[in-house]
Amino acid sequence: MKARIAFMHGPRDLRIREVELPKLEPGQLLIKVGACGICGSDVECFEGKSAEGRYDLGPFTPGHEWSGQVVEAAPDVGDFKPGDKVTGDCVMACGHCRNCKEGLMPSACLEMRELGFMPNSPGAMGEYLILERRYTHKFPSDWNYFMGSWIENFSVGYWGIWGNGGYIDASDHAVVIGGGPIGISATIAASVSGANTIVIDPLPARRERALRYGADHALDPAAGDVAKMVRDVTDGRGATVLVECSGNDKGIASVFDIAGHSCRVGFVGHSIGRKVRAELGRVIWSNLRIVGSGGTRNFMVRTIRFLSRIKDKYDFDALNSHYLPFGELDKAMEIACKEKANAFKVMLTFD
Ligand SMILES: [Zn+2]
Ligand SMILES: [Zn+2]
């Protein structure tokens, strides 16, 4: 069977080709893609600014924020059937290497694959996708594909808040640095818990959006001393939960000033390959508990359950600023690259 699939060959070199799909191996599913969002990390790979997309190893198919419908299951797969609506993990651990056997996060896997970033793990910027059932997750059939494509994205912000070694409730002051798609997900996850939720972003449109999606306060870090602004809206306590979603140098440095004593800090925004100057001494005296998020383990099923309860209270469709057909992938990428301020989420649509 033939399908049109996109391949990233290098910076600004994304080509759609018709290819013959391989036959399914045991445990695999053939999935017809329904929608695929363009992530900031896809844009960075396209622009040649990130080492995450491994075109040095060969052309690869991007797209890790996707949803689709199972059209065929390998004979040994009994738990998925044609018609099931599904999405999937991005960071895929092998499950059998030494680090996987020790129970470490998927990012520790010695044979780690990353869907949509490597030639050995094609993503969803194509009409069809083949994926092992162990990395595939069903979502309710009454959700549209655009909602389904938000699951992976949402799981990262949700992990930043909840996977962060614990809990959040109405006693917390939760600070979200960065009001992009991951930040808005973290904002929703924090605010439904009842926590005083504070979003920090220099872009006015992002601050306004954060307020519409549950933030109690939205602060402009360029307007003055952001740590003081946070203390002012937390009764002097500072953040008790903080998630860094911006990946921006100033945003990262501000974590150590904003976090209150014993704050649970999650790092989610990518900054790999850069050194950031920050006052790390505060980790000691503020007793910060800092965790990473590489390969948000076992969080997709929980994310789908969480979204099932809350998705109708928020206008997820309105978060998709642009819809373009897959055939106009070049144009969609250009919009995502050039209009970073108003292209909140560019969605690729499929017939
Ligand atoms: Zn992403
Ligand atoms: Zn492994």
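Start at 1 and go down the list; that is how both ligands and their atoms are numbered.
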Trainee: Applying the side chain to side chain contact (heavy atoms under 4.5 Å, CB included) test to I335, which of L324, N342, D330 qualifies?
Mentor: L324
Trainee: I want to check a possible cation-pi pair here: R54 against F60, using under 6.0 Å from ring centre and within 45° of the ring axis as the test.
Mentor: no
Trainee: Using a distance threshold of 2.8 Å, state whether an N, O or S atom of H64 lies below it from the Zn ion (ligand 1).
Mentor: yes
Trainee: Carefully, step by step, assess Y323 and F146 under the rule ring pair (Phe, Tyr, Trp, His ring centres under 6.0 Å).
Mentor: CA-CA 10 Å; Y323 295 93; F146 306 119; 4.8 Å; yes
Trainee: In terms of the angle between their ring planes, are Y314 and F316 parallel, tilted or perpendicular, with boundaries placed at 30° and 60°?
Mentor: perpendicular
Trainee: Is the distance from the Zn ion (ligand 2) to the nearest N/O/S atom of H96 under 2.8 Å?
Mentor: no
Trainee: Nearest 10° is fine: what angle sits at the Zn ion (ligand 2) between SG from C97 and SG from C109?
Mentor: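 Angle SG(C97)-the Zn ion (ligand 2)-SG(C109): 120°, rounded to 10°.
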